[in-house]
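A short worksheet on the structure shown next.
Start at 1 and go down the list; that is how both ligands and their atoms are numbered.
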Amino acid sequence: MLNGKVALVTGAGRGIGREIARTLAREGAAVIINYNGSRERAEEAKRMIEEEGGQASLYQCNVSDFAACEAMARDLIKEYGHIDILVNNAGITRDGLIMKMKEEDFDAVLDINLKGTFNTIRHFSRQMLKQKSGRIINISSVSGILGNAGQANYAASKAGVIGLTKTMARELASRGITVNAVAPGFVDTEMTKVLSDEVKEAACKQIPLGRFGQPSDIAEMVAFLASEKAAYITGQVISVDGGMNM
Ligand code: NAP
């Protein structure tokens, strides 16, 4: 149970982030839904949580902006007094083969997926250090473990998230803060809706369980890592991918 806990989920207006926010709220946490561009979707997510009896608020912030993340940490800590769970879920893809990949597509993916994760940890861990407790959960990807043709930028960013996770786990462990990563495989969201049927079929052939995952598959793992039950787990990368990485 997460009663009395405050959780920030980045990119929580839609997709996997929304499901993570709903699941943490169902467990009793007061959830802050961070969004960047999708205000209406974020408001919808907040309504859903409230209809389920949960507590949610909204905070707009582009996680790739260091100063904006600093302001988000200042504002939320002032409002709530503590922050117990940080889920770095915000992420984008800009796929393409390396010979055609534009510099701005490489930079945009690294800025949001990797630097965005650094930015929030940088600003929220100070409060967690003071509290001598906290849970940080970073959403990586099977691409960051195995690599994936056409995703040089994305795979590099998600592999970077794994290095960041393990390093943060080592730096923060002595203060009772755990840091773990969840590495999803193919999950049914807007991110994968853009894939052609051909690509989806080929993807399914690489998944031992033979199907895409649902956002709830990822959210349940995040909720577990955020709970007391996972108190002795840190620095780990947990694959939730239908068996792709084994
Ligand atoms: P999605 O449906 O495309 O949603 C992406 C989310 O990220 C949105 O809520 C979006 O918010 C947010 N976001 C993007 N840029 C942002 C920024 N600069 N600042 C704050 N938020 C930002 O993607 P998803 O499938 O739910 O993916 C969620 C996470 O899981 C990502 O890290 C992704 O890489 C990872 N993942 C997904 C899959 C998959 O198959 N779907 C597989 C492995 C890993 P706005 O709309 O408000 O901009």
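Using a 4.0 angstrom heavy-atom cutoff, Ala42 does not count as in contact with ligand 1. For the pair Phe212 and ligand 1, no heavy-atom separation below 4.0 Å is found. At least one heavy atom of Lys158 sits less than 4.0 Å from an atom of ligand 1. Between Ser140 and ligand 1 there is a heavy-atom distance shorter than 4.0 Å. Not a single heavy atom of Thr10 sits less than 4.0 Å from an atom of ligand 1. Put simply, part of Cys61 is less than 4.0 Å from ligand 1, judged by heavy atoms.
To the nearest 0.5 Å, atom CG of residue Asn119 and atom CD1 of residue Ile112 are 11.0 Å apart.
A search for ring pair (Phe, Tyr, Trp, His ring centres under 6.0 Å) contacts involving Tyr80 returns nothing, not counting sequence neighbours.
Residue contacts with ligand 1, taken as heavy atom pairs separated by less than 4.0 Å, involve Asn36 via backbone and side-chain atoms alike.
At the top of the distance list for atom 24 (P) of ligand 1, counting protein heavy atoms only, stands Thr189 OG1, 3.6 Å. Residue, atom and distance of the protein heavy atom nearest to atom 5 (C) of ligand 1 are Gly91 O, 3.6 Å. Summary of contacts: the protein heavy atom closest to atom 9 (O) of ligand 1 is Gly11 O, 2.9 Å. With hydrogens left out, the protein atom closest to atom 10 (C) of ligand 1 is Arg14 NH2, 3.8 Å, a heavy atom.
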